[in-house]
Structures are given as structure tokens and as C-alpha cells.
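Everything below concerns the one structure shown next.
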Amino acid sequence: MTVKTRFAPSPTGDLHIGGARTALYSWLHARKEGGTFLLRIEDTDRERSTQASLDAILEGMAWLGLDYDEGPIFQTDRFDRYAEVIQQLMDSGHAYYCYCSREELDAMREKQWANKEKPRYDGRCRHRTEPVAGVEPVIRFRNPDEGDVVIKDLVKGDIVINNRELDDLVIARSDGTPTYNLTVVVDDIDMGMTHVIRGDDHINNTPRQINIMEALGATIPAFAHVPMILGDDGKRLSKRHGAVGVMHYRDAGYLPEAVINYLIRLGWSHGDQEVFTMEEMLKYFKLSDINGAASTFNTEKLNWMNQQYFKSLPAETIAGHLQWHIEKQGLDISKGPSLTDVIEGQRDRAKNLVDFVESSRYFFEDFDSYDEKAQKKQFKAGVDATLQFIHDKLSALPEWNPEAIDAVIKASCEELELGMGKVGPPLRLAVAGTPMSPSLDVTLNLVGRERTLARIEKAIAVIGGMTE
RNA sequence: GUCCCUAUCGUCUAACGGUUAGGACAUCGCCCUUUCACGGCGGUAAUCGGGGUUCGAAUCCCCGUAGGGACACCA
């Protein structure tokens, strides 16, 4: 059978980093098997569903490169079908009206809690034949009383739950709208899901869903319950931990390739390998290799992963991801070296895209002041003469390229009988305004002759203007 | 409280009954070096506790303990 998986978020917030990982696993499983991946929006809770959340989810998926073959399918478009199935369950005796009031149910649960029992509906309306006047009933699924439900989970192994732990869940609200457990079941059946991959916070729903599926005579799909992602306090990752929305990671300067790689390795492994190409991910990924235990999100390692991709991705790809940040930070790169050349020069030292833009400004724009500490240390009396010497040699250069520039700097050191340590730092500060930049030949080459010479002249003036 | 899941360095993990318990991040030292980085070499650091099974247990079983999850007319 052709594999079919889905990602089924509810549009009640950003695309959470944990949801993104689940989506990635589902996507990977479908893609590697040549199957179909579907996006379904579980928006039956109209109170909490928002357009902004939907947009955020779609945006997050797109940014990560998780494309889908079908969808987005909205559950709110399928109410007729849910009503049909609910009627079918009523007709077959698998469901019944329940007239219990909120107060009655609360009292029931309270008593059970007091008796140290698991709060569950006791089925008191199961045999009611007459409606209760003035009460719009809900519809409950008649859960089997005895026997075990076995979840054959690809991640956790077999999970056995006795039907005595389950109760008759509400499948239709008093206003007739279907609830989650019903819609999921109907959709997963109708849409032909072969694998249900979702967070393990759903494990408790699974036996109920299996029971409904069986009542409907449907084939039970395979399940894979993926563990939660925890924050560094060991608690389930949430807004309290700061960055949970996927788009936050774009904003913070992470490369989607790095986020994907970090996410796949969080809770899944293939021997000792850390960095995977997409081809390798598709080749090696197996649901059964997902770790059954929850894992803690670690930003330090994500940072490292981001740097790995910074170093290895084609400059053009990085340039593409950079566009958004360049615009955001208002950097004009129209006058200056080519962006890909700057990427080649900076890729070993940039931590992320935000940092990249910030620390590459001097390639494109002039600066008003120098790094304070460095200025104090490097711009001392006498240095102006050194800079002047180099300036003259550079201006006489027939060709402006790294090799020629390097030769000038080395020759200057020799002629002035100074070590590179005396010449390099002030020259760098003069041209870049900061003590951090690629090697001098690369830096000056990228800054360009005209700008380099002007900046050296300016530095000489600054040094000359200092009180002796 | 009840049920479910989980348990190897601080973190992510490897090990599929026999290893000096391996790798990666972080951290600490050294090297490289014109800055910042990159890189290279090395160090510290783990099988939750107790019982079994076995010639042999991180690995299998049981009991604790701890963490997480679920117990809605939310999804």
C-alpha cells in the first residue's frame, strides 16, 4: 500500500518547534517511501482558530521547505461528512444522546477524584429512552466495556490499554458540531492514512480513536507517537521558554537547512552522524529509530549546526536566505562587492544571518566611528606614518586583488622593519572600523581600492588629530 | 489521585547480553594565527536505586524513584 501521512495542526498559534519536528518526521516518512504527505487544518474549535495562526503555520512550513501533496484541507469544510458519520454511529447503536448537565458531570468527576479514581463518564445516559425537556443533548460514543486495546506503535512498541480506563467520549457537542476525536477518525479513514505520526501527548486518545475506527469497520492505520520536546527546565517546551515559533528562528538568523538538521537529530539518530544532506535524511530516516524519550531543546547545538551550514552551503543559497535580513536591517548592498564574495569571506566567522549582516556592513557602507577599545589600542602616534606608507604602496598597485594586496602588506612590514602584529591590526581597524574581519588581503580586496584608500586617509587624519 | 510513556556524560545520542561504555554540542587546556573566527590535538564528565535471570546485564524481568503526558461539549 502506498504510504500516506499527514500533519494536522490546529490554527491556534504559531507553528511550534515541536510541531515542526513532527511535521518533518511525517514528511520524511512519506517522501522516502514515495508516498503522499497531506496538510490538514484542524479548525473545528472556531473560538480559538485564527487566520493569523493559519498564515503562521503555512509560512513556517514553507520556510522549512516542508511541501505537501494535498491540502490544506480544512475540517470546517467537512461538517456534513462528520454529521453523516455521527448519524451512522447512532444508527448502528455505537452512539447515544447524553442529557447530563455540566453540573452533574462536574459532581461526578469530583466524587471520582475523591475516591481516588480516574475521572470518567459513567455512562448513565446509555439506556435513557426519553429526552430531557429543554436540554440539547450531546452525542457520546459507546466505548466497549471490556477487553484491551493494543496500539502497535512504531516508536514506543506495543501499548496496551484496558477499555475500563476509557469512557464514553463526546463526539458531537450540543450544538451538533463534531469534536476532535471524531473528526480525526473520520478524516484519517476518509483520507486513507496509512501512518498516523503525531506527538505522544495523543497516546491517550489513540485507543478511543481505534475503538471508533473499529465501530466504523475501518482499517486501523499504523501509529508513531513522537515524544515531546522539553525546555531546559525539563518542562514541556512552551512560550515560557522563549522561542517556540518556527519563524522566530528565521528572525534570529538561523538557516532553515540547519533547523531541519537540528530537528531531525533531536530524538533520532543514525550512528554517530550529526550532519545530514537531505538525500541522506531521506535515505536513513526510519520511524522506528526515533527515540522514545523526550528530549531537551539545546540552543547551543543549534548554533553549532547553523555554523556547519554556514560553512558548507553554496554562497548563492545563503545569499537567498540573507535577502530578508538585509532588508530588515536596512543595509544597502547595491554599492559594494558582490554578496556572494562577502559570504565567502565571512562564512567561517558568522554565527547567524543577523550577525552576518551586522558584521558585514563596512563592506558596503562607510562608518563614522571606530571600535572604541581597538582605537585606543591601535591608533597611537607613529602609526599614521605606517599607514601612510602602506597607503602609498596600495595606491600605486597596478592590480587590485588579494595576492597583490598581500604582497604590499608583507613588503611594507619588511621595509618598515615591523612585525605583522604592528601593521595588521591598525590597518584593519582603519579599513573595517572593527578589529574583526577576514584576513587583510580579502578584506581590502572586497572593500575596494577607492574606499580602502579613503578610509586609510581618514584614519591618518584621526591619529594626527589626537593630542600627542 | 488514576492511567500511559520515559530513564546512558550538563545537553543530543551510540551500544541491538561480552566495548578500556563511543561520537557530537557545551566546557577546560594546548597548538595554529595579522584580528575575529575556522581548524587540529588533548582533558573533565554518564549507564537513577534495589532486587532477580544469566558464566556474563547499560542492554531482559520485577519493584521502587524521578521526569513527562493524559484524564473537557480543546485540539
Side-chain angles (χ1 to χ4, degrees), chain A residues 8-12 42-45 47-49 75 98 100 102 105-106 109 112-121 136-140 151 153 155-157 159-162 164-167 169-175 177-181 183-184 199-207 225 227-228 230 232 234-236 262 265-275 291-305 307 311 346-351 359 374 378 409-410 413 419-429 432 434-441 443:
Chain A
S10 61
T12 54
E42 312 221 318
D43 55 351
T44 53
D45 184 349
E47 302 266 307
R48 298 196 305 150
S49 298
Q75 291 193 319
C98 168
C100 294
R102 178 87 61 175
L105 294 174
D106 287 346
R109 291 191 192 105
Q112 286 162 333
W113 187 276
N115 288 339
K116 304 193 172 188
E117 287 168 25
K118 189 173 182 173
R120 48 193 290 280
Y121 182 67
E136 283 299 328
V138 299
I139 296 175
R140 288 184 185 271
I151 308 173
D153 194 283
V155 174
K156 309 264 189 183
I159 302 170
V160 182
I161 288 152
N162 194 285
R164 278 187 296 266
E165 297 299 331
L166 275 22
D167 64 357
L169 68 155
V170 173
I171 54 175
R173 303 182 181 95
S174 44
D175 65 1
T177 59
T179 61
Y180 167 74
N181 281 296
T183 59
V184 176
D200 71 0
D201 50 337
H202 283 285
I203 284 183
N204 295 276
N205 290 320
T206 306
H225 287 98
M228 306 275 88
L230 274 23
D232 49 20
K235 299 266 190 258
R236 180 188 188 155
Y262 176 74
R265 266 297 275 111
L266 187 67
W268 172 87
S269 61
H270 179 75
D272 286 338
Q273 192 170 345
E274 297 287 348
V275 181
N291 196 330
S295 35
T296 306
F297 192 88
N298 185 240
T299 307
E300 297 295 336
K301 188 152 182 179
L302 207 212
N303 289 341
W304 172 80
M305 190 64 81
Q307 283 193 55
K311 286 193 289 184
Q346 293 278 65
R347 68 193 316 161
D348 279 347
R349 72 210 86 231
K351 287 190 194 60
S359 59
Q378 305 302 346
I409 295 171
K410 292 220 165 87
C413 285
M420 186 63 98
K422 290 280 180 202
V423 176
L427 178 58
R428 168 172 285 107
L429 185 64
T434 125
M436 294 167 290
S437 91
S439 64
L440 283 167
D441 51 348
T443 302

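Reminder, nothing fancy here: chain letters follow the sequence lines and each chain counts from 1. Only heavy atoms go into these numbers, but all of them, side chains included; no hydrogens, no water, no symmetry mates.
When heavy atoms are screened at a 4.0 angstrom cut-off, A:Lys116 is found touching the sugar-phosphate backbone but no base atom. Using a 4.0 Å heavy-atom criterion, one finds that A:Ser269 contacts the sugar-phosphate atoms exclusively. Within the nucleic acid shown, A:Glu42 comes within 4.0 Å of sugar-phosphate atoms alone, with no base atom in reach, counting heavy atoms only. Within 4.0 Å (heavy atoms only), A:Thr296 reaches sugar-phosphate atoms of the nucleic acid but no base atom. Contact annotation for A:Val138: base contact, defined as any heavy-atom pair under 4.0 Å involving a base atom. Nucleic acid contact class of A:Thr12 (heavy atoms, under 4.0 Å, all strands): none. Using a 4.0 Å heavy-atom criterion, one finds that A:Ile159 contacts the sugar-phosphate atoms exclusively. Using a 4.0 Å heavy-atom criterion, one finds that A:Gly267 contacts the sugar-phosphate atoms exclusively. At the heavy-atom level, A:Lys351 lies nowhere under 4.0 Å from the strands shown. A:Arg236 comes within 4.0 angstrom of the backbone, heavy atoms only, and of no base.
For A:Glu274 against B:rG23, a side-chain N or O and a base N or O form a donor-acceptor pair under 3.5 Å.
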Carefully, step by step, assess A:Thr12 and A:Asp45 under the rule side-chain contact (heavy atoms from CB on, under 4.5 Å).
-> CA-CA 9 Å; A:Thr12 54; A:Asp45 184 349; 5.7 Å; no
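For CD of A:Glu136, the number of neighbouring non-hydrogen atoms (other residues, nucleotides, ligands) closer than 6.0 Å is 12 at most.
In this structure, of B:rA75, B:rU34, B:rA24, it is B:rA75 that holds the atom nearest to the side chain of A:Thr179.
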